[in-house]
Structure formats: C-alpha cells, structure tokens
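Worksheet: one structure, shown below.
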Amino acid sequence: MKTIILQPKDIKTAISLLQAGENIAIPTETVYGLAADALQPEAIKRIFTIKKRPQSNPLILHIANIDQLEKVVCNIPDYAFKLAKKFWPGPLTLVLPKQSVISDIITAGQPTIAVRIPDHPITLQVIAALQLGLVAPSANIYTQISPTTADHVITGLGGHIPAILDGGPCKIGIESTIVDCTGTKPIILREGMVTKKDIALATNSKNINNKQQTSTIKAPGQHKKHYSPKKTFIVATTQELSEIIQYLQNQSISFSGFGFNEISQATTWIKMPINPDHYAQLLYKTMHELDALDAKIIIAELPPQSATWTGIHDRLLRASQDISTLKTKTI
Ligand code: TXA
Ligand code: MG
C-alpha cells in the first residue's frame, strides 16, 4: 500500500478516508495518532492489527467540543469538569464511565473510556466532521517510539496505512497525562506535561495520587518496555555517566546520546534544553534520530528530579534498559 502525505489543504480527503472506514495518521499536540472513526468497528479493530497492539489495551476517544462529553460518558464528577474546562483542548485525558454508544472494541470491554480534546486546529476540524469522534492511539508499532512528525509515522507505519495528515511537528512532544475520574478524587494513571500540581490546583485538591497496583482500572503503558528505540537504550544520572563512558570505551563499544553536558567521546551527542517543555518537544525526535545512526548504544542523561519533569522521566525510564544489561549482555 502506498502511504500518501496529505497537507492541511487536503483535509476533505482525510475526512473522506475516515468516513470510508480507513485508518489514517493525524497530528495532535502530543504525538501523531493512528485514527479511526469511533462509529466504525472494523476500522477500530484494524488499528490493533496495524500497530501490533494487544486488543486488551483500550484506545483514547478524541472529541472536538466539551458539549460532546455527556454524549460519550456519564457520572462526571465536578472535579472532572474542572479539569476539562481548565486543560481542554490540551494534553490531558480523562477516564470516565462510558455511555452505551461507545463500542466495547474501543474500551477493551471495560466499563470506562479515556477521552480528550486534542489541541490541534486541523484535527479538531476532522473530528468535528465525524458523528461521535475519532479513536486514536499513538501512530507507532506497539512498544516503539511514538511519532512527533509525519516522517516518524512513515518510518514506523509507511506502507501500512493509506495516508498521513501532516500537521507539522507536535508542540508538546510526549503523550497526554491520563487521569482516572471514576472515584471521589482524581488519580493519575499516566504522567505527562500536565503535572500533579496542575491537577491539584485545578481541582482544589491537596494531594493527588498515582495509581496503586491494587486499582481495578487497567493501567496504561503497563508493559515495562514502551516508547523504546530499537537499539540498547540506557538512562544514567550525571554521576553515573563518566563510569559508563569509561566502560564503553574500554570495551570499544560505540555510543551516541543526549543530555545537558557535552560528552566528547560519543559518536553523536545532542545537547538538550534545560526547560522541560522544550525538552519534551524534542525527546522523541532525538530518540528517533539517534536510533537511525550507527552507534551501538544510546545513552540519555537523566534530567533533574523535580515535579515538572515527571512525565519525561516516566518515558525515559520505560524506554530504557537497566544499566546492568551493559555488563551482562553482548551488545
Ligand atoms: O497524547 C495521547 O494520549 C496520544 C494522542 C494520539 O492522543 N494517544 C496515546 O494513545 O498516547 P495510546 O493508545 O498510545 O495510549 C493510551 C493509553 C493506553 O496505554 C491505554 O491503556 C490507556 O491509555 N487507556 C485507554 N483507555 C483507558 C481506560 N478506559 N482506562 C484506563 N486506561 C486507558
Ligand atoms: Mg502509545
């Protein structure tokens, strides 16, 4: 199958393809999504096949307008409305009890659905042209790095989908924060650039918790390896870096990487911005770039341990292997 790149002026073609039951990649402010019309079960099922994603992993529904929320979910607590009003359109997903119009294929049989309004003008127009909305996971093969440009989508899914709607590079750069809104208080299921503090402030809550292992809700990104480059990927603190570099040099193992300090021994070393918003925007782009180069290992210098970096930490740690793999595995 030939994958064509559609420009914003071709939006009608994008809409027609979705209405005809095809899957196309669409831009959002977080990452590109692999979309299907939320009312077409065959198109939704095909998302799992194309991504090689287990059917037990539910999808996010994207809507265009907050007025549509009650059409798709019920029992919305006050704090969820506060979050929606504060952060939509934007990188926040709310998990709420689903209405019966929502297919079980989207929710993997769960009684809840994850929903958000993405902050991308073209995609909002596409969604508005559909009756119920658009379901879309990230437009990458399961467990691989999420795409933040149309080029990244081509690398991962080129030849497997008819079209990509090119909306430019994603301005947030990592996936949305996911919040379980089925209880009396919000619970964070996946960290993102909307932080715990942002959620506490918007809902007037004192302490927001992350999901406990005992929760009955299925956790997103449960699988340890996620968002991963194909190469061995190691995350190290600034203190650990020099020891690792010494080891790799002794073993004559080539490496590339990214971080805040200059590392002259690397084949390629990308200096990252110290502002977390700018860093997030570049994270997957940097990982895609280094994954395509020759060096055997990719190293990331761990960013500061502070609240604004938790989403970035989560992605780096999920993508990485344990440092000990360097010494036990033949690279
Ligand atoms: O920013 C984003 O969220 C992007 C863009 C495309 O919107 N989407 C995205 O989708 O990251 P995906 O499928 O790669 O990740 C969504 C996560 C999955 O890990 C899934 O387990 C979780 O959301 N999820 C979906 N429905 C859920 C539900 N009802 N309860 C709990 N988790 C849910
Ligand atoms: Mg994903």
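These numbers come from a predicted model, not from an experiment. Ligands are counted one by one from 1 in listed order, and the atoms in each one are counted from 1 as well.
- The option with the heavy atom closest to atom 9 (C) of ligand 1, from among S138, A25, P118, is S138.
- Of all the listed residues (R53, K98, E175), R53 holds the heavy atom that lies closest to atom 12 (P) of ligand 1.
- Of all atoms in ligand 1, numbered sequentially from 1 with element shown, those under 4.0 Å from a heavy atom of I60 are 3 (O), 8 (N), 9 (C), 10 (O), 16 (C).
- For a threshold of 3.5 Å applied to N or O pairs, the pair formed by R190 and ligand 1 contains at least one separation below that value.
- Close approach of ligand 1 to H62 (heavy-atom distance below 4.0 Å) involves ligand atoms 5 (C), 6 (C), 7 (O).
- In summary, the atoms of ligand 1 found under 4.0 Å from a heavy atom of T112, numbered by their order in the structure, are 28 (C), 29 (N), 30 (N).
- N261 and E301 are linked by a side-chain donor-acceptor pair at a separation below 3.5 angstrom, with hydrogens and angles left out of the test.
- The pair R315-E191 fails the salt-bridge criterion, with no side-chain N (NZ, NE, NH1 or NH2) lying under 4.0 Å from an Asp/Glu carboxylate O.
- Using modelled atom types, one finds no donor on one side chain facing an acceptor on the other under 3.5 Å when comparing T149 with D151.
- If you look at F260 and Y279, their ring centroids are closer than 6.0 Å.
- At a cut-off of 2.8 Å, S138 coordinates the Mg ion (ligand 2) through an N, O or S atom.
- Residue-level proximity to ligand 1 for D180 is absent, since no heavy atom of it falls below 4.0 angstrom.
- Heavy atoms of V95 come nearer than 4.0 angstrom to ligand 1 in at least one pair.
- In summary, the side chains of E175 and Y284 do present a donor paired with an acceptor at a separation below 3.5 Å, with no hydrogens or angles considered.
- The pair K86-D198 fails the salt-bridge criterion, with no side-chain N (NZ, NE, NH1 or NH2) lying under 4.0 Å from an Asp/Glu carboxylate O.
- Counting the atoms of ligand 1 from 1 in the order shown, those under 4.0 Å from a heavy atom of N57 are 18 (C), 19 (O), 20 (C), 21 (O).
- Near T30, meaning under 4.0 Å from any of its heavy atoms, are these atoms of ligand 1: 1 (O), 2 (C), 4 (C), 5 (C).
- A cation-pi geometry, defined here as NZ or CZ lying under 6.0 Å from the six-membered ring centre and within 45° of its normal, does not hold between R53 and Y142.
- The distance from ligand 1 to the heavy atoms of S176 drops below 4.0 Å at these ligand atoms: 1 (O), 2 (C), 3 (O).
- Checked for salt-bridge contact, E29 and R116 meet the test: a charged N lies under 4.0 Å from a carboxylate O.
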